[in-house]
Amino acid sequence: GFKHCNRTTCNMCNFSPNNVTSITCSKTNEKFDFQSIMDCTSTNVIYCITCNKDSGPCSNFKPQYIGETSRMVSRRFNEHFSSIKPDSSKAVGKHFSENGHKAKDLSIIPIERILSKDPWIRIAREKHFIKKFDASLNVKLN
């Protein structure tokens, strides 16, 4: 499962649920149980960002984004968080800076730790989860 790291410098703890053992795909309602023990300092992970805005179009659908990182997931979260601005060229940043969204609408959670150091395995698992989740926020922006 996933639990907070509780480091005083960790911003991710404020934007993720604590002590969870699964995640649900917002499009299919399929539940995915975590097979790894992870926290905000975990490396070599696949993660999911969910929009939890409780009004407007996102309230019915809860768009999700799937990503991967070899680094600490909290460091990757900080990059996503920093991209939240109106002129963002990043999909996550653009979504969370439009249509009345606030930073508090964002939730992140690592969903799988990859044991292999081969980056192609991590990338393949990311693609697998993008397809499984039909992740609507995984779009290329110009």
Side-chain angles (χ1 to χ4, degrees), residues 1-85 88-142:
F2 170 78
K3 61 181 174 54
H4 289 166
C5 68
N6 293 318
R7 294 174 299 143
T8 56
T9 58
C10 182
N11 194 30
M12 186 175 145
C13 284
N14 298 320
F15 291 89
S16 58
N18 195 16
N19 296 319
V20 291
T21 58
S22 65
I23 188 168
T24 301
C25 171
S26 62
K27 274 200 177 172
T28 65
N29 280 332
E30 186 176 355
K31 182 178 158 186
F32 296 90
D33 293 325
F34 300 150
Q35 304 300 313
S36 311
I37 296 171
M38 300 168 287
D39 68 15
C40 310
T41 66
S42 294
T43 58
N44 221 31
V45 299
I46 310 301
Y47 59 89
C48 181
I49 292 175
T50 302
C51 177
N52 292 310
K53 189 168 178 3
D54 55 9
S55 63
C58 293
S59 64
N60 297 327
F61 163 51
K62 307 286 184 213
Q64 291 176 308
Y65 173 91
I66 301 292
E68 59 85 16
T69 185
S70 62
R71 300 172 295 145
M72 281 193 332
V73 67
S74 61
R75 177 169 282 176
R76 184 66 184 108
F77 165 75
N78 287 337
E79 292 169 351
H80 282 297
F81 193 76
S82 295
S83 77
I84 300 174
K85 49 191 170 197
S88 184
S89 63
K90 306 290 184 187
V92 170
K94 187 170 180 60
H95 179 84
F96 286 98
S97 64
E98 292 182 339
N99 301 319
H101 284 83
K102 294 183 175 29
K104 71 174 182 58
D105 298 323
L106 183 153
S107 174
I108 182 170
I109 188 162
I111 58 178
E112 184 174 85
R113 193 164 144 255
I114 308 301
L115 299 179
S116 171
K117 296 298 178 198
D118 183 344
W120 296 109
I121 292 174
R122 190 177 62 251
I123 291 166
R125 292 299 291 164
E126 176 196 32
K127 287 182 193 247
H128 164 77
F129 278 106
I130 289 170
K131 283 184 180 169
K132 286 294 262 181
F133 276 66
D134 194 11
S136 61
L137 295 181
N138 285 81
V139 294
K140 292 275 186 201
L141 301 178
N142 295 337

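Every value quoted in this text rests on a predicted model; they were computed, and no experiment measured them.
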Rounded distance (nearest 0.5 Å) linking atom CZ of F2 with atom OG of S36: 12.5 Å
Compare all side-chain heavy atoms of F34 with those of V20 and state whether any distance is below 4.5 angstrom. yes
Separation between CG of N138 and NZ of K127, rounded to the nearest 0.5 Å: 11.0 Å
Evaluate whether atom CZ of R125 has more than 12 neighbouring non-hydrogen atoms of other residues, nucleotides or ligands under 6.0 angstrom away. yes
Any donor-acceptor N or O pair under 3.5 Å, side chains R75, T69: no
What pair of heavy atoms forms the shortest contact from A91 to L137, and how long is it? CB-O, 3.3 Å
Is the backbone of K85 close enough, under 3.5 Å, to the side chain of S97 for a donor and an acceptor to pair up by distance? yes
T28 vs D134, test: side-chain contact (heavy atoms from CB on, under 4.5 Å). Steps then yes/no. CA-CA 9 Å; T28 65; D134 194 11; 5.9 Å; no
Would you give the length of the straight line joining atom CD1 of I23 to atom OG of S107, rounded to the nearest 0.5 angstrom? 7.5 Å
Taking the inter-plane angle between the rings of F81 and F77 on a 0 to 90° scale, is it parallel (under 30°), tilted (30 to 60°) or perpendicular (over 60°)? tilted
Any side-chain donor near an acceptor of the partner, D39 and T41, under 3.5 Å: yes
Could you state the interatomic distance from CD (E112) to NE2 (H128), rounded to the nearest 0.5 Å? 7.0 Å
Between the CD1 atom in I66 and the CD atom in E126, the distance rounded to the nearest 0.5 Å is 8.5 Å
Are K132 and C25 close enough, and set up right, to give a side-chain contact (heavy atoms from CB on, under 4.5 Å), and what steps lead you there? CA-CA 8 Å; K132 286 294 262 181; C25 171; over 6 Å; no
Applying side-chain contact (heavy atoms from CB on, under 4.5 Å) to M12 and C5, what does each step give before you reach the verdict? CA-CA 9 Å; M12 186 175 145; C5 68; over 6 Å; no
For T21 and G1, indicate whether the former's side chain and the latter's backbone hold a donor-acceptor pair under 3.5 Å. no
Using modelled atom types only, decide if a donor and an acceptor are shared between the side chain of S88 and the backbone of S83 within a distance under 3.5 Å. yes
Side chains of E30 and F133: closer than 4.5 Å at any heavy-atom pair? no
I need the F96 CZ to K102 NZ distance, nearest 0.5 Å. 13.5 Å
How about I37: does its CD1 atom have over 12 heavy atoms from other parts shown lying under 6.0 Å from it? no
Taking salt bridge (charged side-chain N to carboxylate O under 4.0 Å, His left out) as the definition, give me every residue that meets it alongside E68, ordered by chain and number, with sequence neighbours left out. R122
Residue that, paired with H4, satisfies side chain to side chain contact (heavy atoms under 4.5 Å, CB included) out of N14, N18, N19: N18
Aromatic contact, Y65 with H80 (centres under 6.0 Å): yes
